[in-house]
Amino acid sequence: MKTVIKKRITVLIVIGFACCIGAYSQTVNTGELVITHGTQLSTLYDFDNTADGDVINDGEFFVYGNFHNDGLVTFSPGQNTGFTRFEGLTGMQSISGSMPSAFRDVLFDNPVTQPAFALSGDIEIHGEGIFNDGIVDGDEYGGLVTFYPGAFHSEVTNNSFVDGQVRKIGDEAFDYPIGDDGYYRRASMSPPSDLTDHFTSQYILENSNPLYTHSSREEEINLIDDAEYWEIERTEGESDIVLTLTWNEETTPAEILSNEEGMAIHIVRWDENSNMWVDEGGSVNINNKAVTTAVSGYGIFTLGKVAEETPDEGLVIYNGLSPDGDGMNDFFYIKGIDNYPENTVEIYNRWGIKVFDTQGYNNTDRVFRGYSEGRATINKNKRLPTGTYFYILKYRAENGTMVDRSGYLYLN
């Protein structure tokens, strides 16, 4: 049997209220269900919001069974409240429906089974997504998790992440809470330039070779990771990003991580136009087990061992900076850059936010002195804090080719 809600219900004071008890096995909403700020509503068994149903959650909504939405699930604009808690009691919970469900804050907490959540519908997170316990499986069931501007996540581990596609909308840096087969394997991106841009990512713990043959690759690529790959698509907008991929000794082949003279770990991408793997470059952070680079396209990415380029003679990058006015290391010094006037320099902070960029870097009037300045940067003309930054230098070499070099810059 089932409980049918046919009229507007405003929950004024409901603490631990169970919609379904005794012989009832399902709660169906066909009207307007409003959970006001400071109140709680619980559904012990399955919850079904029909095409005519509206659910407005500004309080706390406890979902202990399956959740299905064909109508409107949202929260009041400007309220900045509304907490939906998926807490499993007996097994996997399905999150389904033909319409997306918009949550302000949402908790995934189901320790009963893995994967804990079968996501066949689409959910939108506008505040915090808390991955306390339980993998959200959208890969097997076809669902999508979207983080809107200002949204973020917490508590992601090998026991709780999204196995499937995650989309990020907005102009903020973002770490994707993605993984596969019991491994959380994040990818990170720098902020897009437009609030409406979005990028969609997924991690796949499989060999990419059957779909994207490893034998078709640029000459300098010596080896391609044959155990895992990421799919990262620019699904809206024209922004470009700086991408960070991580490695894990339990999934990443030892041959990729081995220390070989003349070889470096880079990010490589399958290029649809040339039907081959191309080298996107990369700067390695050993402590974070991460590789970072500005990418030239989107699609399929993984890690590769690449023959290191021989630096242009006379071009030396000094990555220590202490702008204290003593005349030593007061700016980011690139020895020999005047020989390559067709160049650009971009500098990002640890969160992937651009703090400096310029064209024609020249060690005189176009230099980075530890201040946020340049085009499209934040906190213009503000002194930047001590820390580690990431630089991208692009220049036209003597043979006419464009060269990308990147690495870490230490501001003291």
Side-chain angles (χ1 to χ4, degrees), residues 3 5 9-21 24-29 33-49 53-69 71-76 79-97 99-138 143 145-148 150-157 159-163 166 177:
T3 298
I5 304 171
I9 295 180
T10 301
V11 181
L12 299 176
I13 303 177
V14 179
I15 305 298
F17 173 77
C19 290
C20 311
I21 57 175
Y24 296 117
S25 61
Q26 187 179 33
T27 298
V28 179
N29 178 43
L33 171 62
V34 180
I35 310 171
T36 61
H37 178 54
T39 65
Q40 297 177 334
L41 175 65
S42 300
T43 61
L44 184 59
Y45 298 104
D46 296 347
F47 178 79
D48 182 12
N49 189 51
D54 293 348
V55 177
I56 301 173
N57 178 21
D58 295 328
E60 280 190 280
F61 188 15
F62 291 78
V63 182
Y64 295 110
N66 297 323
F67 178 92
H68 184 87
N69 174 41
L72 174 68
V73 173
T74 189
F75 54 92
S76 297
Q79 186 71 34
N80 292 332
T81 61
F83 191 13
T84 303
R85 306 168 66 107
F86 291 99
E87 302 193 27
L89 297 176
T90 60
M92 177 186 283
Q93 291 174 270
S94 69
I95 304 173
S96 60
M99 295 297 291
S101 300
F103 304 120
R104 170 64 190 178
D105 299 321
V106 59
L107 169 70
F108 301 100
D109 188 12
N110 184 339
V112 177
T113 185
Q114 289 287 23
F117 305 96
L119 179 67
S120 59
D122 294 348
I123 63 175
E124 303 172 353
I125 300 175
H126 294 257
E128 182 178 7
I130 306 170
F131 293 84
N132 188 63
D133 200 349
I135 294 170
V136 180
D137 188 351
V145 178
T146 300
F147 286 79
Y148 273 71
F152 61 100
H153 60 77
S154 62
E155 302 186 26
V156 181
T157 66
N159 293 320
S160 189
F161 54 80
V162 178
D163 180 357
V166 174

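In this structure, CD in Q40 is found 10.5 Å from CG in N57, a value given to the nearest 0.5 Å. Atom OG of S101 sits about 9.5 Å away from atom NE2 of H68, to the nearest 0.5 Å. The distance from atom CD1 of I35 to atom CD1 of I56, rounded to the nearest 0.5 Å, is 10.0 Å.
Nearest heavy atom pair, residue S160 against residue F108, reads OG-O, 4.5 Å. The shortest non-hydrogen separation linking F161 to P177 is CB-O, 3.5 Å. Contact detail for S154 and E128: the closest heavy-atom pair is OG-OE2, 2.6 Å. Between P100 and E124 the shortest heavy-atom distance is CB-OE2, 3.6 Å. Between N80 and R104, the shortest heavy-atom distance links the atoms OD1-NH1, 3.5 Å. Nearest heavy-atom pair, Q93 versus N110, reported as atom, atom and distance to 0.1 Å: OE1-ND2, 3.3 Å.
The side-chain heavy atoms of L41 and F62, taken from C-beta on, include no pair separated by under 4.5 Å. Here the side chains of F117 and D137 are not in contact, with every heavy-atom distance at 4.5 Å or above. Counting heavy atoms from C-beta outward, T39 and H37 have side chains that stay 4.5 Å or more apart. Between V136 and F131, the closest side-chain pair of non-hydrogen atoms falls below 4.5 Å. A 4.5 Å side-chain heavy-atom check between I95 and I123 finds at least one atom pair inside the cut-off. The shortest side-chain heavy-atom distance between V145 and L119 falls under the 4.5 Å cut-off.
The side chain to side chain contact (heavy atoms under 4.5 Å, CB included) with V73 is formed by just one residue from the set F61, F47, F103; it is F103. Checking each of V63, D133, N132 against L107 for a side chain to side chain contact (heavy atoms under 4.5 Å, CB included) leaves exactly one that passes, namely N132. In summary, of the residues considered (D54, N69, N49), a side-chain hydrogen bond (donor to acceptor under 3.5 Å, both in side chains) with N29 occurs for N49 alone.
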Next item on the list: Could you please spell out the steps behind the ring-ring contact (aromatic ring centres under 6.0 Å, His included) verdict for F86 and Y64?
Entry: CA-CA 6 Å; F86 291 99; Y64 295 110; over 10 Å; no

Check: Run the side chain to side chain donor-acceptor pair (under 3.5 Å) check on D105 and T84 step by step: do they pass?
Finding: CA-CA 6 Å; D105 299 321; T84 303; over 6 Å; no

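Taking H126 as the reference, F75, Y148 meet the ring pair (Phe, Tyr, Trp, His ring centres under 6.0 Å) condition, with sequence neighbours excluded.
The closest donor-acceptor contact from the side chain of D46 to the backbone of N66 lies under 3.5 Å. The main-chain N or O of L44 is never found under 3.5 Å from a side-chain atom of S42 such that the two would form a donor-acceptor pair.
Looking only at atom types and distance, the side chain of T36 has no donor-acceptor partner in the side chain of D58 under 3.5 Å away.
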